[in-house]
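Worksheet: one structure, shown below.
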Number of protein chains: 2
Amino acid sequence: MFRKTQHNRVFQDLVDQIQAAILDGRLKPGDKLPSQRDLVDMFQTSRASIREALRVLEQKGLIEVKLGVSGGAVIKTAGTESITADLTLLMQQQQVSFDHLAEFRESIEGDVAAMAALKAAPSDIARLEDILVQAEACLNGDDHTPYDFIRMDIRLHIALAEITGNPVFVAVMKMIHETVLGFYDRFTFRRRAVLEENYRDLGAIVAAVKAGRSEEAKKLALSHVGRFNRHMKNASHGPEAPSPSNRATPKN
Amino acid sequence: MFRKTQHNRVFQDLVDQIQAAILDGRLKPGDKLPSQRDLVDMFQTSRASIREALRVLEQKGLIEVKLGVSGGAVIKTAGTESITADLTLLMQQQQVSFDHLAEFRESIEGDVAAMAALKAAPSDIARLEDILVQAEACLNGDDHTPYDFIRMDIRLHIALAEITGNPVFVAVMKMIHETVLGFYDRFTFRRRAVLEENYRDLGAIVAAVKAGRSEEAKKLALSHVGRFNRHMKNASHGPEAPSPSNRATPKN
DNA sequence: ATCATACGAATGGGTCACCCATTTAAACAG
DNA sequence: CTGTTTAAATGGGTGACCCATTCGTATGAT
């Protein structure tokens, strides 16, 4: 039951030690780790092992490695990026279908909108309305690009999640929308009427949030998501079932 | 806009390629990657870079590396381990609190129970009832271990998610519960009355699912989760805010 | 023949001594 | 004072090498 002698690999020890230092607060975001060569001296190990450890910490999203003199590994501010990437990965592995995502969205977006309506501060409202303005620009601007409008749609939904103040909702929301984005390559909306309907939905949701009407926001978000999903379904006339495009996890 | 020459690090290219092969299905769980030295020949790179790539893939939970002759890197079955580890990490960084998780649970578990009530097949009911029997054994058996009962509680909730047929719910549910489990080291339930109340809740939920009463199942699940969260809150009388035990990411 | 032991090959883990590209700051020329 | 060059420190990368683990196989005693 006791662990075997030296059963830990060297790089794992390094990862544990550095991670513990970060979690204990001995290393704060923005702090810089010693150079790889100094770490070699400190830990009495080889540079390759040091680098494997840094690679793992980097992948975990705990540090960021920069090049050049006085570059090095700096402790990153905690964020939800890595977990979003991992969940996206899991979804791709498990062959999650668009219907699965749609069902999940319908379960969660209503609650998010309702919570946002209860918690929104004036600055939050301003941010939402700013996104609305940008969305309208994408809709009516000269360079009318449906893809940009969708980006704004997603930004608004994530903004709602951020208003809840709950990072779990933010992480899950980002994950869902980033994965959904993978479907747009095939089923991009080209009908302007659909986009306009979408825009009106967003405006109504923001108005309800602004007024603090949580139940109304919830109902609007639900019908919005439901209608969106139906449009996506109608747009999918392809031979096989929709599946996300096979790009690797982006920007990781 | 085009990426700079060789802007990718070598190990990142390797990670992307191998990961894409796994996600495409060209590499299936159980398959074994070539040996590190063969990969050196195939990719025309150094062994150190190969190993950094394998380390990252290992950390992502995509492969498992074994020692000895005819050891090597085997593709792992998709799992939620790495995601759970990441979420645990976030919680340790105090970015996610128990309250956040609790709020999220209350948002999602009701819908899961309702969907399960609508979709449950007789075999699903049998499985739920089997779990109930085991939970009762943990409660009344000679070796009365609260921890085992909690495991059964979690198994039942995950079983409900599986009945929905939606892998997104399953993944999210596993993630949440496995993370919540990290709190039990400090706030283990020792009062038998709480456990019994929990058990009655579960029985009622299963009964509602069996009868196909989705709304009733939803309400029961909501009150169950809400009461559970209140108990957890009351149990936390410690000086500081509840935070998961500081063990490193388990078995990763 | 059978079983136990010893050996050797292949593998991942680890180390060392290098070299290169990038980046910054100091030194220098105008 | 300004712009340019240069040197140093850093992370990225490579190849040769050794070690511990593991397993198949050969060897040998029974």
Side-chain angles (χ1 to χ4, degrees), chain A residues 2-19 22 27 30-76 251-252, chain B residues 2-19 22 27 29-76 248 251-252:
Chain A
F2 297 105
R3 77 184 188 199
K4 277 192 280 187
T5 58
Q6 189 60 21
H7 118 296
N8 280 336
R9 293 179 284 187
V10 172
F11 83 92
Q12 188 64 57
D13 271 349
L14 300 179
V15 169
D16 288 344
Q17 286 194 48
I18 297 174
Q19 179 171 292
I22 294 175
L27 290 173
D31 286 357
K32 202 168 68 178
L33 288 181
S35 76
Q36 293 178 359
R37 288 161 180 90
D38 286 347
L39 289 172
V40 166
D41 290 341
M42 292 169 53
F43 288 102
Q44 284 296 305
T45 180
S46 75
R47 198 167 155 224
S49 296
I50 296 284
R51 293 189 54 183
E52 287 184 16
L54 292 179
R55 209 95 299 156
V56 171
L57 291 168
E58 188 181 30
Q59 210 284 324
K60 285 191 175 194
L62 288 175
I63 66 173
E64 188 172 9
V65 178
K66 281 185 291 201
L67 251 65
V69 56
S70 87
V74 296
I75 278 60
K76 277 213 316 191
K251 75 178 174 193
N252 192 8
Chain B
F2 298 105
R3 76 184 190 200
K4 277 192 280 186
T5 58
Q6 188 61 20
H7 122 294
N8 280 337
R9 293 179 285 187
V10 171
F11 84 92
Q12 188 64 59
D13 271 349
L14 300 179
V15 168
D16 288 343
Q17 286 193 47
I18 297 173
Q19 179 171 290
I22 295 175
L27 290 173
D31 286 357
K32 202 169 67 179
L33 288 181
S35 75
Q36 293 179 358
R37 288 157 180 92
D38 286 347
L39 289 172
V40 167
D41 291 340
M42 292 170 52
F43 288 103
Q44 284 297 304
T45 181
S46 74
R47 202 171 151 219
S49 296
I50 296 284
R51 293 188 56 182
E52 287 184 14
L54 293 178
R55 209 95 299 156
V56 171
L57 290 169
E58 188 180 30
Q59 210 285 323
K60 284 191 175 195
L62 287 174
I63 66 174
E64 188 172 10
V65 179
K66 281 184 291 199
L67 251 64
V69 56
S70 86
V74 296
I75 279 65
K76 276 215 312 191
K251 74 180 173 190
N252 194 7

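Candidate nucleotides D/dC23, D/dG11, C/dC16 were compared by shortest atom distance to the side chain of A/Ser46, and C/dC16 ranks first. In the set C/dG13, D/dA9, D/dG13, D/dA9 carries the atom at the smallest distance from any side-chain atom of A/Val69.
For the pair B/Gln12 and D/dG12, the criterion of a side-chain N or O lying under 4.0 Å from OP1 or OP2 is not met. Between B/Arg47 and C/dG14 there is no side-chain N or O to OP1 or OP2 distance below 4.0 Å. In this model, the phosphate group of D/dT14 is approached by a side-chain N or O of B/Ser49 to a distance below 4.0 Å at OP1 or OP2. The side chain of B/Ser70 contributes no N or O atom lying less than 4.0 Å from OP1 or OP2 of D/dG24. Contact check, A/Thr45 against C/dT15: a side-chain N or O comes under 4.0 Å of OP1 or OP2.
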Residue pair A/Ile18, A/Leu62: steps toward the side-chain contact (heavy atoms from CB on, under 4.5 Å) verdict: CA-CA 10 Å; A/Ile18 297 174; A/Leu62 288 175; over 6 Å; no
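Toward the 5' end of DNA chain D, the nearer of the two residues A/Arg51 and A/Gly71, judged by each one's closest nucleotide, is A/Gly71. The 5' end of DNA chain C is approached more closely, in terms of each residue's nearest nucleotide, by B/Val65 than by the other of A/Leu67 and B/Val65.
Side chain to side chain, A/Gln12 and A/Asp16 meet the donor-acceptor criterion of an N or O pair below 3.5 Å.
B/Leu54 has its CG atom 13 Å from the P atom of C/dG14, to the nearest Å. Following rounding to the nearest Å, B/Leu39 (CG) and D/dG13 (P) show an atom-to-atom distance of 16 Å. Rounded to whole Å, atom P of C/dT15 lies 13 Å from atom CZ of A/Arg9. Atoms CZ (A/Phe43) and P (C/dG13) sit 20 Å apart, rounded to a whole Å. Atom-to-atom, NZ of B/Lys66 to C1' of D/dT21 comes out at 14 Å; the value is rounded to the nearest Å. Rounded to whole angstrom, the span from the CD atom of A/Gln36 across to the P atom of C/dT15 amounts to 14 Å. Look at CZ on B/Phe11: it is 8 Å from P on D/dG12, rounded to the nearest Å. One interatomic measurement links the two molecules: CD1 of A/Ile50 to P of C/dC16, which rounds to 11 Å at whole-angstrom precision.
Looking at A/Val56 and A/Leu14, their side chains never come closer than 4.5 Å, going by heavy atoms from C-beta outward.
Within the model, atoms OG of A/Ser46 and CD of A/Gln36 stand 11.0 Å from one another, a figure rounded to the nearest 0.5 Å.
Contact annotation: side chain of B/Arg37 to base of C/dG12, donor-acceptor pair present below 3.5 Å.
Under a 4.0 Å N-O distance rule, the pair B/Glu52/B/Arg55 does not qualify as a salt bridge.
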